[in-house]
Amino acid sequence: MTVALKPMTGADTAPDATILSVHDLTVSVRSQAGLLPLIKGVSFDLKRGETLAIAGESGSGKSITSLAIMGLLPPPAVRVTGGAITLGSSVLTTLPEAQMRSLRGNRIAMIFQEPMTSLNPVMTVGAQLIEAIRAHAPVSLRVARTEALAALTAVRLSDPARRMDQYPHELSGGMRQRVMIAMALALKPDVLIADEPTTALDVTVQREVLDLLRDLQKSHGTAILLITHDMGVVAEMADRVVIMRKGVIAETGTVAQIFDAPTATYTRELLSAVPRMGQGGELVARPDTPVVADLRDVQVRYDIRGGVLNRVTHRVHAVEGVSFDIREGETFSLVGESGCGKSTIARAIVGLAPHEGLIRVGDQTVGRMTAHARKRLSAATQIVFQDPMAALDSRMTVGDQIAEPLLIHGQGDAASRRDRAAHLMERVGLTTAQLDNYPHEFSGGQRQRICIARALALTPKLIVADESVSALDVSVQARVLDLLRALKDEFGIAMLFISHDMAVVENISDRVAVMQLGQIVEMGSRAQIFGNPRHAYTRRLMEAVPVPDPTFIRPTTPRMAGEIPNPVHGVGTVIARHRMQEVSKGHFVAQDA
């Protein structure tokens with residue numbers, strides 16, 4: 001059974017009617033100096049069935065614009081101080097909160113950028129979906145649960161019935177984002193605001209999500225306001241584009257005009273910073289450099305208990321028989337779908353996940369360590385997590401958080417630690433004036449830069465970067481990648497780079513390993529993996545990469561049917577290992593099924 005909602009009526013149901021209008025919008029923040037504008041004079045229209053993309057640097061005002069449309073600006077500090085927002089015949093800027101609440105999720109819905117902070121940590125995924133459906137549709141609990149399950153199935157979440165009873169912290173970042181997308185799509189809204197909807201997703205799931213959004217448009221005439229820093233997604237999805245910078249609109253036009261003949265200097269700079277497949281630089285050979293990290297036959301499994309006696313009934317095979325090494329000054333990249341085990345390996349290397357097999361970092365074996373040994377490991381190995389808001393302490397200034405590793409390891413005095421924090425803030429593109437600000441005062445991309453600065457504080461031997469640039473717009477992303485390269489070359493820092501962005505991986509990597517269901521199915525140099533991928537799964541990853549060219553026609557390939565494979569197995573189940581054959585030195589590929 002499908003949830004039936006009251007359809008729109010009137011002129012706004014016409015195929016080409018303007019369904020959302022933003023006119024001369026100004027949003028200001030209250031400060032000691034008075035009201036300071038965050039965005040000023042923003043105007044655009046969104047037609048029924050159209051996709052309008054808003055692109056620009058982190059902090060340009062993209063998300064503030066979307067929050068203003070949804071009526072979710074944090075009062076009284078931030079508020080609309082000018083202009084109007086109209087949805088159909090309703091002027092949203094004058095609606096009481098009770099009426100606005102009835103529209104959210106029903107006629108206008110939003111997919112937020114950071115799923116972990118958007119989901120309720122004390123409610124199961126299913127409960128949150130059911131709550132959203134029943135808030136707007138007079139249906140029974142049984143019907144709502146059926147619709148919630150269908151929504152999770154539509155976004156290809158593995159074992160959706162089990163996910164219904166799980167909490168957000170039990171899911172990976174990509175899985176949580178899929179839950180947010182399912183929640184937004186469940187009620188089939190007239191306007192969907194997608195704020196970085198595919199940031200946390202690997203390219204194959206991103207491809208399927210974008211296809212889902214297109215299907216929703218086609219079947220329901222949904223208008224999409226797409227906020228993204230991925231110009232490949234803009235090229236493939238958008239009809240028109242708005243480029244924002246420092247709170248104002250720098251340029252607007254059709255997608256063809258923006259990509260083929262941009263008039264604003266900033267737009268040209270934005271497009272030139274987009275990483276493209278096939279533009280990787282020359283490799284630096286490192287045959288005799290010392291090994292910084294060495295993994296041999298690493299396995300990570302988690303028990304699932306159930307029944308009256310709480311016995312182990314199933315086991316998650318998160319990582320199965322993974323082996324590789326990382327050399328001094330080398331960037332070794334792991335790619336693969338969300339849930340394939342990339343982040344689990346990262347946590348195992350820094351001692352945050354129990355494992356079987358051998359992991360050595362420098363002269364230390366990671367595992368059961370003394371407090372002193374663990375402190376030595378943390379000084380030599382730093383990690384940049386995927387979700388910057390969850391990784392930062394909301395009660396500490398960012399300056400104190402960047403300097404905290406130095407304090408813990410007894411390096412320098414208070415003045416020198418602050419100087420180091422100020423230097424790192426500038427190196428990642430922020431200012432020393434922001435040292436005393438708190439995490440909530442920064443955009444998502446700025447918070448990720450702060451996390452990178454904190455990881456660099458101790459100048460470690462190994463940096464584990466888990467989707468470290470996924471939240472950054474392309475221009476800032478390019479600067480951060482240049483910074484990581486410079487630090488790697490200057491200090492000989494090795495890096496384990498985990499990303500779903502294949503273009504970024506090609507541009508920064510020395511060697512690449514492709515993971516699927518906890519195993520490495522193909523591994524080799526950057527030239528081998530991107531120039532001659534041997535495994536079918538690797539080729540599928542390549543084919544799914546968004547191309548920043550609106551004239552590009554993607555080959556038609558059949559969509560995968562059913563659920564993605566499940567890494568959960570019954571106790572006693574034997575996992576059939578991929579038979580690995582050596583193709584060339586350092587290059588392995590699993591036999592295709």
Side-chain angles (χ1 to χ4, degrees), residues 12 15-27 37-70 80-88 92-93 108 110 113 190-197 210 213-214 217 222-274 443 445 473-476 546-552:
D12 54 0
D16 295 325
T18 296
I19 192 170
L20 177 70
S21 179
V22 177
H23 177 69
D24 200 25
L25 180 67
T26 299
V27 175
L38 297 175
I39 61 172
K40 187 175 182 179
V42 172
S43 298
F44 58 82
D45 292 330
L46 179 63
K47 294 181 180 180
R48 191 168 183 81
E50 179 186 41
T51 297
L52 174 68
I54 301 181
E57 288 187 336
S58 177
S60 64
K62 308 186 302 293
S63 294
I64 288 291
T65 302
S66 65
L67 292 174
I69 294 171
M70 291 294 293
V80 174
T81 54
I85 303 168
T86 306
L87 175 67
L92 303 186
T93 43
I108 183 168
M110 184 169 180
Q113 180 178 355
D190 300 299
V191 174
L192 177 64
I193 301 176
D195 187 357
E196 301 285 3
L210 296 179
L213 294 178
R214 288 194 191 95
Q217 271 189 315
T222 304
I224 298 177
L225 183 63
L226 178 66
I227 297 171
T228 181
H229 64 263
D230 190 329
M231 299 304 288
V233 172
V234 171
E236 292 196 20
M237 289 291 292
D239 299 303
R240 291 186 298 119
V241 185
V242 172
I243 303 293
M244 290 190 69
R245 187 187 188 193
K246 295 182 178 179
V248 299
I249 292 178
E251 185 172 359
T252 62
T254 65
V255 66
Q257 290 170 342
I258 293 297
F259 279 83
D260 295 342
T263 58
T265 301
Y266 173 68
T267 306
R268 292 193 292 270
E269 292 173 351
L270 199 64
L271 292 172
S272 66
V274 177
S443 69
D473 58 83
V474 288
S475 56
V476 177
V547 178
D549 179 1
T551 64
F552 176 76

Peer 1: Hey, could you give me the CG/CD1 distance between Leu192 and Ile108, rounded to the nearest 0.5 Å?
Peer 2: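 With rounding to 0.5 Å, CG (Leu192) is 9.0 Å from CD1 (Ile108).
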Peer 1: For residues Ala256 and Pro550, report the shortest heavy-atom separation together with the two atoms involved.
Peer 2: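 For Ala256 versus Pro550, the nearest heavy atoms are CA-CG, 4.4 Å.
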Peer 1: Any side-chain to backbone donor/acceptor pair from Ser43 onto Asp24? Under 3.5 Å, distance only.
Peer 2: yes
Peer 1: Work out which heavy atom in Pro546 is nearest to a heavy atom in Gly232; give both atom names and the distance.
Peer 2: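 It is CB-C, 3.6 Å.
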Peer 1: Please find the pair of heavy atoms, one from Thr93 and one from Gly83, that lie closest to each other, and give the distance.
Peer 2: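 Closest approach of Thr93 to Gly83, heavy atoms only: OG1-O, 4.4 Å.
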Peer 1: Side-chain contact test, heavy atoms from C-beta onward, threshold under 4.5 Å: evaluate it for Val248 versus Ile39 and give yes or no.
Peer 2: no
Peer 1: Side chains of Val42 and Lys40, heavy atoms from C-beta outward: is any pair under 4.5 Å?
Peer 2: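 No, their side chains stay 4.5 Å or more apart.
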Peer 1: Rounded to the nearest 0.5 Å, what separates atom CD1 in Ile193 from atom CG in Leu226?
Peer 2: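 One gets 11.5 Å once the value is rounded to the nearest 0.5 Å.
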Peer 1: Heavy atoms only: give me the nearest Leu271-Pro262 pair and the separation to one decimal.
Peer 2: CD1-CG, 4.1 Å
Peer 1: Taking side-chain hydrogen bond (donor to acceptor under 3.5 Å, both in side chains) as the definition, give me every residue that meets it alongside Asp45, ordered by chain and number, with sequence neighbours left out.
Peer 2: Ser21
Peer 1: What pairs with Ser66 under side-chain hydrogen bond (donor to acceptor under 3.5 Å, both in side chains), at least two apart in sequence or on another chain?
Peer 2: none
Peer 1: Is any side-chain heavy atom of Leu67 closer than 4.5 Å to a side-chain heavy atom of Met70?
Peer 2: no
Peer 1: Given side-chain contact (heavy atoms from CB on, under 4.5 Å), test Phe259 with Thr254 step by step and report yes or no.
Peer 2: CA-CA 9 Å; Phe259 279 83; Thr254 65; over 6 Å; no
Peer 1: Apply salt bridge (charged side-chain N to carboxylate O under 4.0 Å, His left out) to Arg245 and list each qualifying residue two or more places apart in sequence or on a separate chain.
Peer 2: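 By the salt bridge (charged side-chain N to carboxylate O under 4.0 Å, His left out) rule, Arg245 matches no residue at all.
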Peer 1: Enter the distance from Leu20:CG to Thr86:OG1 here, rounded to the nearest 0.5 Å.
Peer 2: 8.0 Å
Peer 1: Taking C-beta and beyond as the side chain, do Met237 and Arg214 meet within less than 4.5 Å on heavy atoms?
Peer 2: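 Touching, per the 4.5 Å side-chain cut-off.
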Peer 1: Hey, does the side chain of Glu236 reach the backbone of Val233 with a donor-acceptor pair shorter than 3.5 angstrom?
Peer 2: no
Peer 1: Just to verify, what does Thr551 make a side-chain contact (heavy atoms from CB on, under 4.5 Å) with, not counting sequence neighbours?
Peer 2: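 For Thr551 the side-chain contact (heavy atoms from CB on, under 4.5 Å) partners, ignoring immediate neighbours, are Asp549.
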Peer 1: Minimum heavy-atom separation for Gly49 to Asp239, with atom names?
Peer 2: O-OD2, 4.4 Å
Peer 1: For a 4.5 angstrom cut-off between non-hydrogen side-chain atoms, does Thr252 reach Val241?
Peer 2: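 Contact flag for Thr252/Val241 side chains = no.
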Peer 1: Mind checking side-chain contact (heavy atoms from CB on, under 4.5 Å) for Ala223 and listing every partner two or more places apart, or none if nothing turns up?
Peer 2: Ile19, Leu46, Val191
Peer 1: Which heavy atom of Ala68 sits nearest to which heavy atom of Ile85, and what is that distance?
Peer 2: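 Shortest heavy-atom separation between Ala68 and Ile85 comes out as O-CD1, 3.6 Å.
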Peer 1: Less than 3.5 Å apart, any donor N or O on the side chain of Thr222 or Gln217 sitting next to an acceptor on the other?
Peer 2: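 There is no such pair (donor and acceptor under 3.5 Å, judged by atom type) between the side chains of Thr222 and Gln217.
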Peer 1: Are Tyr266 and Glu251 packed together at the side-chain level, in the sense that at least one heavy-atom pair is separated by less than 4.5 angstrom?
Peer 2: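 No - every pair of side-chain heavy atoms lies 4.5 Å or more apart.
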Peer 1: With a 4.5 Å limit on heavy-atom distance, are the side chains of Ile249 and Ile243 in contact?
Peer 2: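 Not touching, per the 4.5 Å side-chain cut-off.
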Peer 1: Let me confirm one number: the CG-OG1 distance from Leu213 to Thr51, rounded to the nearest 0.5 Å.
Peer 2: 8.0 Å
Peer 1: Working to the nearest 0.5 angstrom, can you tell me the gap between Ile54 CD1 and Ser63 OG?
Peer 2: 9.0 Å
Peer 1: Drop me the distance from Arg48's CZ to Asp190's CG, to the nearest 0.5 angstrom.
Peer 2: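 Those atoms lie 5.0 Å apart.
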Peer 1: Has Thr228 got a side-chain atom pairing as donor or acceptor with Asp230's backbone, closer than 3.5 angstrom?
Peer 2: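 Here the side-chain-to-backbone pair exists.
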Peer 1: Decide yes or no for Ile224 and Glu50: does some side-chain heavy atom of the first lie under 4.5 Å from some side-chain heavy atom of the second?
Peer 2: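 Counting from C-beta outward, Ile224 and Glu50 never come under 4.5 Å.
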Peer 1: Ser272: what forms a side-chain hydrogen bond (donor to acceptor under 3.5 Å, both in side chains) with it, not counting sequence neighbours?
Peer 2: none
